[in-house]
Trainee: 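This structure is in structure tokens; I'll ask about it shortly.
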Amino acid sequence: MATPHWLFGDQLGPHFLAAGEDGPDRGAPVVMVEARSVFRRRRFHRAKAHLVLSAMRHRAAELGDRVRYVQAETYREALQKAVGDGPLTVHHPTSRAALRLVSSLPGLTVLPARGFLVPHEDFRAWADGHGGQRLRQEDFYRWVRRGHDLLMDGAEPAGGRWNHDHDNREPPPKGAKKLGVPAPYRPREDDVDEEVRDDLDRWERDEGIRFVGRDGPRRFPASRREALAALGRFVEHRLAAFGPYEDAMLTADPVMSHSLLSSSLNLGLLDPLECVERAEDAWRTGSAPVSSVEGFVRQIAGWREYVWQLYWYFGEDYRHRNALHHRTPLPRWFLELDADAVTAHCLATVLAQVRDTGWTHHIPRLMLLGSHALQQGWDPAAVTDWFHRCFVDGYDWVMLPNVVGMSQYADGGRMTTKPYTSGGAYVNRMSDLCGPCAYRPTERVGDRACPFTAGYWAFLHRHRARLEGNPRMTQAVRGLDRLSDLDELLREQGRRGDDPP
């Protein structure tokens with residue numbers, strides 16, 4: 001008889017059940033588990049909890065009699081109900097905690113990971129060949145492109161360049177309120193969503209389980225059919241405009257031309273290879289420029305894959321890295337997503353987006369939310385946990401390298417060459433967020449001092465000894481010597497404490 005196979009809640013696409021040497025038995029019975037303890041341990045965004053449960057239950061409905069769907073307090077309890085002490089297979093899970101669990105269960109065979117482009121052992125060989133230290137994303141990205149023949153013309157990159165960032169860092173069109181591209185795919189809720197929402201209401205009411213954020217109509221795919229529809233709409237109607245404005249921000253257009261496919265990829269509803277191949281086809285058929293396609297391919301075959309691999313390569317100790325010795329707890333207004341308490345228009349706008357949808361694109365994440373946390377010296381482990389809990393596409397493997405390495409520079413430069421933070425001038429150049437703000441991006445002190453501008457200089461001052469030797473930061477650090485109001489700026493920063501900016 002076929003050995004039953006366990007599907008985690010982020011392994012929901014058909015490729016996780018495809019039989020083969022590294023797959024489950026053909027026609028294997030399927031086990032799926034809803035463990036209530038996951039929601040007791042951490043306070044997740046309500047929209048995220050809804051999406052994950054809806055996606056799992058939609059997949060179970062598709063599998064019909066083939067699946068044993070168990071709702072229990074813990075994974076161990078559920079598996080005992082489903083298979084007892086019998087054998088079980090599972091694909092390599094996406095978190096270290098889950099891997100520890102499956103490795104501790106007798107009779108369970110862990111199959112290789114799926115849903116990514118590069119096997120762990122191939123990345124390990126590549127990384128070890130680079131000394132295991134300065135593992136730059138650009139080098140990895142080119143290696144993946146060559147190895148998978150992605151966006152290549154023979155031995156050369158399509159369009160003659162590996163990197164089209166120069167074309168893909170435009171500010172928003174002057175005077176535009178919205179980018180003016182067709183809207184993204186929007187799913188329709190069904191009876192499964194109604195059931196999930198009723199359950200979440202009951203858990204909050206009767207079991208003391210708490211969430212953060214709002215659970216409005218579901219915005220992200222919860223089935224393979226919906227995910228394919230979202231991919232098709234992006235490639236056909238939105239990809240062409242993606243590249244130039246992928247780093248831009250508009251108050252009234254938080255989605256811009258982004259794909260909104262990250263949650264579908266991270267739930268396993270889409271496979272990364274099918275996404276990048278669809279994008280490449282769009283360029284080869286003339287429906288999207290190479291700069292936009294390369295930007296999208298970079299996000300998936302470059303950054304997403306890179307982050308997944310580093311999560312495992314760097315090891316468990318990486319989550320405790322804190323090279324800048326930042327210890328400040330996250331303030332209550334941030335933990336509660338209390339956008340109404342915030343005066344700074346950019347931060348209030350983005351925090352409201354997270355509160356209402358559990359999503360915002362990569363630049364608000366890095367250059368507003370992450371940058372503010374870095375400037376304020378917040379504990380990087382707490383920041384990582386916040387991003388994990390509050391974003392619909394947030395998982396341990398996603399957020400640990402992105403926050404510890406990229407956003408908070410807590411690894412001291414092992415992943416990136418410099419801290420990613422800026423003053424208000426960057427926000428003003430790349431968005432329309434500064435116009436209606438009570439603060440001015442050019443002012444460092446006084447009632448109208450921009451919290452990002454003041455915070456930037458305070459951060460450089462605090463870490464001057466570390467940063468002045470960094471070639472990419474030397475000029476910025478020297479700028480401290482030209483500030484006649486630095487002492488006043490530092491006094492004002494100290495008085496603000498953890499008050500909302």
Side-chain angles (χ1 to χ4, degrees), residues 117 138 141-142 144-145 148-153 156-187 219-221 225-265 269-305 353 357 359-366 393 429-432:
L117 297 171
E138 183 68 28
Y141 170 61
R142 296 183 185 192
V144 173
R145 290 262 302 270
H148 286 75
D149 196 27
L150 293 175
L151 212 56
M152 299 292 294
D153 284 336
E156 299 301 317
R161 283 190 285 158
W162 290 102
N163 189 321
H164 290 260
D165 278 356
H166 178 75
D167 301 323
N168 291 347
R169 289 177 174 167
E170 292 293 317
K174 193 171 182 62
K177 299 296 183 184
K178 294 189 175 184
L179 196 55
V181 297
Y185 171 82
R186 182 63 58 85
R219 294 170 175 264
F220 303 92
R225 178 187 61 80
E226 290 181 344
L228 287 172
L231 172 61
R233 181 160 181 83
F234 171 69
V235 171
E236 292 170 25
H237 300 289
R238 297 167 55 78
L239 173 59
F242 169 69
Y245 304 113
E246 64 175 295
D247 286 2
M249 298 172 280
L250 285 171
T251 303
D253 192 1
V255 171
M256 304 288 282
S257 198
H258 289 267
S259 72
L260 303 187
L261 296 175
S262 55
S263 62
S264 298
L265 280 160
L269 295 172
L270 294 174
D271 185 77
L273 189 60
E274 69 184 329
C275 294
V276 294
E277 287 181 342
R278 283 284 297 274
E280 179 171 354
D281 287 346
W283 172 66
R284 295 199 181 277
T285 58
S287 60
V290 69
S291 56
S292 286
V293 172
E294 190 276 322
F296 179 67
V297 170
R298 176 181 293 270
Q299 286 194 336
I300 294 178
W303 195 255
R304 180 179 185 270
E305 193 73 22
Q353 292 167 9
T357 70
W359 183 91
T360 188
H361 76 73
H362 66 281
I363 293 300
R365 297 189 199 201
L366 179 65
D393 55 6
R429 182 171 71 254
M430 296 303 295
S431 78
D432 64 353

Trainee: Heavy-atom distance under 4.5 Å between the side chains of Trp162 and Arg145, does that happen here?
Mentor: yes

Trainee: Tell me, please, which residues at least two apart from Arg142 pass salt bridge (charged side-chain N to carboxylate O under 4.0 Å, His left out).
Mentor: Glu138

Trainee: Please round to the nearest 0.5 Å and tell me the distance separating atom NE2 of His164 and atom OG of Ser292.
Mentor: 10.0 Å

Trainee: As an exercise, state the distance from CG of Leu151 to CZ of Arg284, rounded to the nearest 0.5 Å.
Mentor: 6.5 Å

Trainee: Please list all pairs passing the ring-ring contact (aromatic ring centres under 6.0 Å, His included) test where one or both residues lie in residues 241-260, with sequence neighbours left out.
Mentor: Phe242-His258, His258-His361, His258-His362

Trainee: Roughly how far, to the nearest 0.5 Å, is SG of Cys275 from CG of Leu270?
Mentor: 4.5 Å

Trainee: Nearest 0.5 angstrom please: Arg298 CZ to Trp303 CH2, how far?
Mentor: 10.5 Å

Trainee: Do the charged groups of Glu274 and Arg278 touch, with an N to O distance under 4.0 Å?
Mentor: no

Trainee: Indicate yes or no for a side-chain donor-acceptor contact from Glu305 to the backbone of Leu117 under 3.5 Å, with no hydrogens or angles considered.
Mentor: yes

Trainee: Hey, does the side chain of Asp253 reach the backbone of Met256 with a donor-acceptor pair shorter than 3.5 angstrom?
Mentor: yes

Trainee: Please round to the nearest 0.5 Å and tell me the distance separating atom CE of Met249 and atom OG1 of Thr251.
Mentor: 9.5 Å

Trainee: Counting only heavy atoms not in Arg161, do more than 12 fall under 6.0 Å of its CZ?
Mentor: yes

Trainee: Going by an N to O cut-off under 4.0 Å, is there a salt bridge joining Asp393 and Arg304?
Mentor: no

Trainee: What is the distance from atom OG of Ser291 to atom CG of Asn163, rounded to the nearest 0.5 Å?
Mentor: 11.5 Å

